[in-house]
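Have a look at the structure below before the remarks.
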Amino acid sequence: MSSDGPTLNDESYAAARRGDGTQAHGHGHTHSHGGGPAHSHPLTPGQEAHAHGRDGDGDGVPGGSRGAGHDFALPALPGAVDVFDTTLRDGSQQEGLSLTVDDKLRVAEQLDHLGVTFIEGGWPGANPKDVEFFARAPTELHLERATLVAFGSTRRAGVRAEDDETLRHLVDARTEAVCIVAKSSEMHVVDALRTTLDEAVAMVADSVAFLRSNDLRVFLDAEHFFDGYKANPDFTLRILQAAEEAGAETLVLCDTNGGTLPFEVERIVGTVLGRFETQVGVHFHNDSGCAVANSLAGVSVGATHVQGCVNGYGERAGNADLAAVVPDLSLKLRVSTIPPERLPLLTPVAHHISELVNIAPNPQQPFVGASVFAHKAGLHTSAIARRSDAYEHISPDLVGNGTRFVVSEMAGRSTLAMKAEELGLELDSEAMTSVLDSLKQLEYQGYHFEVADGSLELLLRNSTGWRQSFFDLESYRVIADQGAALSTEATVKVRVDGERIVATAEGNGPVNALDGALRGAIGSRFPALDGVHLVDYRVRVLDSAKGTGSVTRVLIDSTNGDRTWTTIGVSENIIAASWQALSDSVVYGLLHTVGSDV
Ligand SMILES: [Zn+2]
């Protein structure tokens, strides 16, 4: 690594660790743009200690308050950063992630709803899907806040910018802004592009100038920047300089292989910021598990544009997860990202997007995961009931998530009481005893309510005397038929408001067929069911405690777009277990969509 970077990072690093982000120097970063080294104020260990306290200012962020009374100069973080989401371009490189044009439009709407600054829509001209997306976007996508960005690359080697097809497609995409990728590592220029370093610089200069002459705002993604900088800093800086001189709005430093570590980011981004007037952005991949940390490190030394994907989608280990970068910056470092009033949309939007891209949400995803504010029975739960910040790093409401008490057979009365309170149910002591007994009995049979919040809620409601009134099951039947092809057919007989309804449906398997038949039977009475669908189905065979053979446990995840819930069924018969989980899923969905009279 080059040693010519100014040593200005100690203070920023310490501030990030303190999580205090006091903006004593006002907005903007400290670096003198002329390239001179900024002075630093190393902290002494004693000074550092007192800022670690719990939430003293009631903002729901322990220790995350401004102005904790330091008497030494504090680092200046930028006042605000631009949030640039690339789910529709870089994120779509993820294995197994495939979006239709309609999906892409819906994802863009969600991102706009969340309040990101820029949405990278794809690569116009590269494939028919992205061509159609950019053709439809001007009329079908009504962005309230975000700016749509088209992605492309610099002109090819040896071709004039005005004759280059990729640049032409970018102009034709009719967006206000474009982002072009440029090779900024000597190795890639020589080995992959097989051209000279001078030509690589000229490609950047010509391409940016051409796009600017077409009145486009231009972001330059400097590919393999960090690796390139370590090998040949002069060349990578020449690439940035060419972009700056030609009028690029933002110089985005990309860690394309994702192998860079936070201390290197601070050093290298700091150096770049010391040399350029133009806004600097960062783009990190997560191959070292540091994409979010690296993004914060980049901002901590003055980058004011952060690229990533909500939910961290992307090839290999993914891109920086904006669902973590945004709250870390906004809540902990006090750097403005999305509008503060939209921060509580983070969890619903992250879940909505995972539904649109059809990838089950990761329950352990920081800030927005279903498990990240969940507390299991025992010490934790009683402590958290007394003091919510005891085991939570922020108040979950701030990001639209919520505290959950996980209930299992180990649950004591207090856990169950808190769960009931969370659901707004009143359980008297008799009901409480009966629920605790059934929980223990059912878990012995193989149920696992800790992971099936939907079924647990129905169990608790039933203990108060509530019965679902949406439908009464008379019978169901499933037939699997191996003819020319294997087909599955299900018939469901139910009563709704006294009327007997029989419906049959085909499916690609028994659960799918039963789901279709049940929807066929009651769908017209409950149109809201249209918005409820299954997102995941998991089966596990358990050794039976009774010793009469194995039992099957089925878990079904469902969503109505806003919330996701899990239901469970256990039986020696896989169809019966599936029906239980399915029927609970539908009842839960109706209960929380149509409502109930309890
Ligand atoms: Zn990337």
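Index from 1, following the sequence. Quick caveat: nothing in here was measured; it's all calculated off a predicted structure. When a ligand or atom number is given, it counts from 1 through the structure's own listing order.
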**Residues which pass side chain to side chain contact (heavy atoms under 4.5 Å, CB included) with Arg160, listed by chain and number, not counting sequence neighbours** = Glu162, Asp163
**Prompt:** Going by distance alone, is a donor N or O of one side chain under 3.5 Å from an acceptor N or O of the other, for Thr250 and Gln279?
**Reply:** yes
**Atoms of protein origin (N, O or S) under 2.8 Å from the Zn ion (ligand 1)** = Asp90 OD2, His283 NE2, His285 NE2
**Prompt:** With Arg155, which of Thr166, Asp206, Asp164 fulfils side-chain hydrogen bond (donor to acceptor under 3.5 Å, both in side chains)?
**Reply:** Asp206
**Asked** Is the closest basic N to carboxylate O distance between Arg267 and Glu264 below 4.0 Å?
**Response** no
**Request:** Describe, in one word, how the ring planes of His305 and Phe219 are oriented to each other, choosing from parallel (under 30°), tilted (30 to 60°) and perpendicular (over 60°).
**Result:** tilted
**Prompt:** Counting N and O atoms only, with roles assigned by atom type, does the side chain of Asn232 sit under 3.5 Å from a partner on the main chain of Glu186, one being a donor and the other an acceptor?
**Reply:** no
